[in-house]
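Since the structure comes first, as structure tokens, the remarks are kept for the end.
Since we're looking at a predicted model, the values are computed, not measured. Just so we're on the same page: letters track the sequence lines, and every chain starts at 1. All values below were derived from every heavy atom in this structure, side-chain atoms included, with hydrogens, water molecules and symmetry-related copies excluded.
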Protein chains: 4
Amino acid sequence: MNKVMLIGNVGKEPVVHYYDADQAVAQVSFATTEKGYTLANGMQVPDHTDWHNLVFFRGLAKVVEKYVHKGDRLYVEGRIRYRLYDDKQGKRHNITEIYVDNMEMLTSRSGASAPTSAPASSSTPSPAETTENKDLPF
Amino acid sequence: MNKVMLIGNVGKEPVVHYYDADQAVAQVSFATTEKGYTLANGMQVPDHTDWHNLVFFRGLAKVVEKYVHKGDRLYVEGRIRYRLYDDKQGKRHNITEIYVDNMEMLTSRSGASAPTSAPASSSTPSPAETTENKDLPF
Amino acid sequence: MNKVMLIGNVGKEPVVHYYDADQAVAQVSFATTEKGYTLANGMQVPDHTDWHNLVFFRGLAKVVEKYVHKGDRLYVEGRIRYRLYDDKQGKRHNITEIYVDNMEMLTSRSGASAPTSAPASSSTPSPAETTENKDLPF
Amino acid sequence: MNKVMLIGNVGKEPVVHYYDADQAVAQVSFATTEKGYTLANGMQVPDHTDWHNLVFFRGLAKVVEKYVHKGDRLYVEGRIRYRLYDDKQGKRHNITEIYVDNMEMLTSRSGASAPTSAPASSSTPSPAETTENKDLPF
DNA sequence: TTTT
DNA sequence: TTTT
């Protein structure tokens, strides 16, 4: 088991690459913040923010491209991956990424205009705010 | 592994029992709500609320007694337990409970007056809004 | 959030219903066991087993029908649902179910003969032991 | 929320530092392995192992020092932390660590002799294989 | 009713 | 019985 669950906010506009029509990859810089607290001795521990490198593949990458924007609050589930890469100068770098398997948008955008091409009809079914498995409404 | 994670709201004031000075047990009726959504065919699936029976023991029960109130939003982690009990009429019942191992209060109560008896001193360290393991602030 | 994660064993053969060609539902009786331990005072707390009612829908129900059997070890993720139903005698009952959104088979069945009709060819791609989201092997 | 759950194996003997009698920190190199699988097109995706830097504080660090060894299988829960540090040559490095809040030992060591110095008494209550919250055995 |  |  290698499982990560995060609730946080998107730091800037997602970056999406298409390797072919089907193979989309989206990268999202994502902040989680741990609230500060006061120690028994009165010392104040400040808030702490971590910046995660989220990576979305295939269908999720397309959902990100369509609906996710800077500032949005998300719940994501995935796995930690550690990777080496060489930059243009041939320097080797470590990078830690979260491969996202599941996402839920927590920013409600009820009367939201769609990002790129606005839907003409107002009867359009609401934008998919959830990409989790949805099952029979028993 | 038998793990439950919930974010939701307290439905009524917690009920706390002391078996002796140390053995406190708190019971909390707790609602989680799954947002409705629109199916591909246009059908609307409404919001769905589940009511959980949370059970807190020992130190956590005391934190609940002190700080948790009707309407509060909580994050809880625990385990599912199924139990049989006989009511006063001798009738047997099934009950499902969530034994809580970890709790975090999500309702900020910054300028909160303490629940029953307000603390005299204003220099009191802030009420514990978190009961998770807190470690060295590296 | 209403999230459940279980690792345990299937107690008897799954029961599968088809409402139509697509709408399959599988029910699985599922045991999780919490290891006993010794208290500080030397008292022994025995092992404790909980029996969960798992419910699988659609594609997952079909995977269950094909591959899951009595005794198998599974990892499942899902949500808790509380439901009322009336039995044939018109008596009302509470039932707690785990709606499964994600499953992973932990019982390796490497040289396994397929459950009902064994595949003739040995070059058959291995049976799906995982039904989680699988992404690009970056 | 910044939550990590891992099941895997300890790669080498833990390294423990004491800053003072109470402030212990343990570091553990920890491997999680994702099973390979066969793609629809017959291509084989091999097993994939990730090496995590686990960090344990205070009481957990002492449990690690006493009971955790190379090869042991563990379940850990914690948070991801990204940190910069300068090495002895003054070079800046990124490091990703998992701050562990909760641990469970999955390697059973029933008749285990204690690691370094064996306890004198054989009536010693069994070694703590679990450091999770344990509650009233209702 | 299961399993380690 | 709660809340967003």
Side-chain angles (χ1 to χ4, degrees), chain A residues 7 72-75 104-111 126 129-130, chain B residues 1-2 6-15 26-37 46-54 64 68-76 80 82 84 94 98 103-109, chain C residues 1-2 6-15 26-37 46-54 64 68-76 80 82 84 98 103-109, chain D residues 7 72-75 104-111 129-130:
Chain A
I7 295 176
D72 282 357
R73 191 162 186 81
L74 304 180
Y75 168 73
E104 191 163 348
M105 300 188 66
L106 304 179
T107 303
S108 57
R109 212 185 301 286
S110 43
S126 76
E129 292 202 351
T130 300
Chain B
M1 171 182 275
N2 172 349
L6 307 172
I7 294 176
N9 295 87
V10 173
K12 34 184 161 171
E13 283 299 313
V15 173
Q27 292 169 290
V28 169
S29 187
F30 191 72
T32 57
T33 299
E34 190 176 306
K35 282 280 292 287
Y37 51 97
D47 287 5
H48 176 90
T49 296
D50 284 283
W51 286 96
H52 310 265
N53 300 122
L54 305 187
V64 167
V68 173
H69 295 285
K70 179 174 173 172
D72 283 357
R73 192 162 186 80
L74 303 180
Y75 169 73
V76 299
I80 310 177
Y82 307 98
L84 284 170
N94 289 302
I98 309 299
M103 168 182 80
E104 191 162 349
M105 300 187 66
L106 303 180
T107 303
S108 58
R109 214 186 297 290
Chain C
M1 172 182 274
N2 172 351
L6 307 173
I7 294 176
N9 295 86
V10 173
K12 35 184 161 171
E13 282 301 312
V15 174
Q27 292 170 290
V28 170
S29 187
F30 192 71
T32 57
T33 299
E34 190 176 307
K35 280 282 290 288
Y37 51 96
D47 286 5
H48 176 90
T49 295
D50 284 283
W51 285 97
H52 309 264
N53 301 121
L54 305 187
V64 167
V68 173
H69 295 284
K70 177 175 173 172
D72 282 357
R73 192 162 186 81
L74 303 180
Y75 168 72
V76 299
I80 310 177
Y82 308 99
L84 283 170
I98 310 297
M103 168 182 83
E104 192 163 348
M105 300 189 66
L106 304 180
T107 303
S108 57
R109 214 185 300 286
Chain D
I7 294 177
D72 283 357
R73 191 163 185 80
L74 303 180
Y75 168 73
E104 191 162 350
M105 299 188 67
L106 303 179
T107 303
S108 58
R109 212 185 300 288
S110 45
E129 290 202 352
T130 302

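The separation between B:Leu6 atom CG and F:dT4 atom P is 18 Å, rounded to whole Å. When rounded to the nearest whole Å, the span between CD of C:Glu13 and P of E:dT1 equals 15 Å. E:dT2 atom P lies 16 Å from atom NE2 of C:His52, rounded to whole Å. Taking atom CD on D:Glu104 and atom P on E:dT4, their separation rounds to 17 Å, with Å as the unit. If you measure from atom CG of C:Asn9 to atom P of E:dT4, you get 7 Å, rounded to the nearest angstrom. Here F:dT2 presents its P atom at 20 Å from CD1 of B:Ile98, a figure rounded to the nearest Å. At whole-Å resolution of the value, CH2 in C:Trp51 and P in E:dT2 are 6 Å apart. Spacing between atom NZ of C:Lys12 and atom C1' of E:dT3 amounts to 16 Å, rounded to whole angstrom units.
For B:Asn9, the side chain to side chain donor-acceptor pair (under 3.5 Å) criterion is met by B:Arg73, not counting sequence neighbours. B:Ser29 pairs by the side chain to side chain donor-acceptor pair (under 3.5 Å) definition with nothing, not counting sequence neighbours.
Between the side chain of B:Asp50 and the main chain of B:Thr32, no donor-acceptor pair closer than 3.5 Å is present.
The side-chain heavy atoms of C:Ile98 and C:Asn53, taken from C-beta on, include no pair separated by under 4.5 Å.
If you check every strand for non-hydrogen atoms under 4.0 Å, C:Thr49 touches a base.
Residue-to-nucleotide proximity on DNA chain F shows that, of B:Phe30 and B:Asp47, the 5′-proximal contact is made by B:Phe30.
Nearest nucleotide to the B:Thr33 side chain, out of F:dT1, F:dT2, E:dT2: F:dT2.
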